[in-house]
Amino acid sequence: MIRYALSCEKGHEFDGWFRSSEDYDKQRKRRLVACPSCGATKVEKALMAPRVVPSDKQAKRPRRPEPVAAPTATPPEAPLSLVASPEQREMLTRLKALRDEVLKKSEYVGSRFADEARKIHSSDAPERGIHGEASRGEVKALIDDGIDIYPVPVLPEDKN
C-alpha cells in the first residue's frame, strides 16, 4: 500500500491509501478520489517529506501508529468481460452518453452520499439529484429504508 498526501482544488489536505501509483492514477481519472471536507474531485498529490528514522534512535523511541485514512471509494467488483457486436457497441455508446448526462445534472457529494440521500428523503435537504460513493452496508441500509437509489453503471472503457 502507498500513502499519498493529497490536496483538493480548494486547498484542503488529506491522506489517501492506494495499492499502487497506477491505482491512484486510475481512481483519480475516474473521479473516485474525493476531498473528505468538500467532496471536490480535482485532487493532486501534495509534497511529502520522506519519513526516515535512524536505526539507533528507532530502538530508543517507541513507534507511534500511523493514522490510517479511510479508503476514498469502495473498489468495484471485477467486471464481466464482453466482446461486443456493432449493435452492442452502439448501445454502450448511448448508455455512456446517458450516464454522463445524469452525472452532469446531479450534484457530486462524495462519501457523504448516504447521509445526503437520507436528508433528501426526509425533506431535511432540498430535493435534487446527487451522486457519490457509499459502502455496501450503506447501500443496503438505504434500500431497506425505502430510499430509491440507483447504481451508476461501470462501462468497459472505465476499466481501461
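Each residue takes its place number in the sequence, starting with 1.
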Rounded at 0.5 Å granularity, tell me how far [atom1] in [X] sits from [atom2] in [Y].
X      : Y      : atom1 : atom2 : answer
Leu142 : Asp115 : CG    : CG    : 9.0 Å
Arg89  : Arg94  : CZ    : CZ    : 13.5 Å
Glu127 : Ile120 : CD    : CD1   : 7.5 Å
Asp23  : Arg28  : CG    : CZ    : 13.5 Å
Lys96  : Asp100 : NZ    : CG    : 4.0 Å
Cys35  : Lys10  : SG    : NZ    : 8.0 Å

What are the two closest non-hydrogen atoms of [X] and [Y], and how far apart are they?
X      : Y      : value
Ser7   : Glu13  : CB-CG, 4.1 Å
Ile130 : Ser106 : N-CB, 3.9 Å
Ala134 : Val139 : CB-CG2, 3.8 Å

Indicate if Val152 and Ile143 have the same hydrophobic cluster label, given that clusters are the connected sets of ILVMFWY residues with side-chain heavy-atom separations under 4.5 angstrom.
->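 In one cluster with Val152: Ile143, no.
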Should Phe14 and Ile2 be regarded as members of a common hydrophobic cluster, given that ILVMFWY residues are connected when their side-chain heavy atoms come within less than 4.5 Å of each other, either directly or indirectly?
->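 Per the 4.5 Å side-chain linkage, Phe14 and Ile2 are co-clustered.
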Does the side chain of [X] reach to within under 4.5 Å of the side chain of [Y], using non-hydrogen atoms?
X      : Y      : answer
Val102 : Tyr150 : no
Val33  : Thr41  : no
Asp25  : Phe18  : no
Tyr24  : Lys45  : yes
Cys8   : Ser37  : no
Ser20  : Lys26  : no

Can you sort out the partners of Asp145 under side chain to side chain donor-acceptor pair (under 3.5 Å), two or more places apart, ordered by chain and number?
->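 Partners of Asp145 under the side chain to side chain donor-acceptor pair (under 3.5 Å) test: Arg118.
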Would you tell me whether Tyr108 and Glu133 have side-chain atoms, one donor and one acceptor, within less than 3.5 Å of each other?
->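 Yes, because at least one side-chain N or O of Tyr108 sits under 3.5 Å from a partner of the opposite role on Glu133.
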Using modelled atom types and a 3.5 Å cut-off, is there a donor and acceptor pairing between side-chain atoms of [X] and backbone atoms of [Y]?
X      : Y      : result
Arg3   : Asp15  : no
Glu138 : Ser135 : yes
Glu116 : Phe113 : no
Arg128 : Pro126 : yes

With sequence neighbours left out, write down each residue that passes side chain to side chain contact (heavy atoms under 4.5 Å, CB included) with Asp124, or none if nothing qualifies.
->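 Partners of Asp124 by the side chain to side chain contact (heavy atoms under 4.5 Å, CB included) criterion, ordered by chain and then number, come out as Lys119, Ser122.
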Apply side chain to side chain contact (heavy atoms under 4.5 Å, CB included) to Glu101 and list each qualifying residue two or more places apart in sequence or on a separate chain.
->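 Checked Glu101 against side chain to side chain contact (heavy atoms under 4.5 Å, CB included); matches are Lys104, Lys105.
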Enclosure of Arg31 CZ (heavy-atom neighbours >12, cutoff 6.0 Å) = no
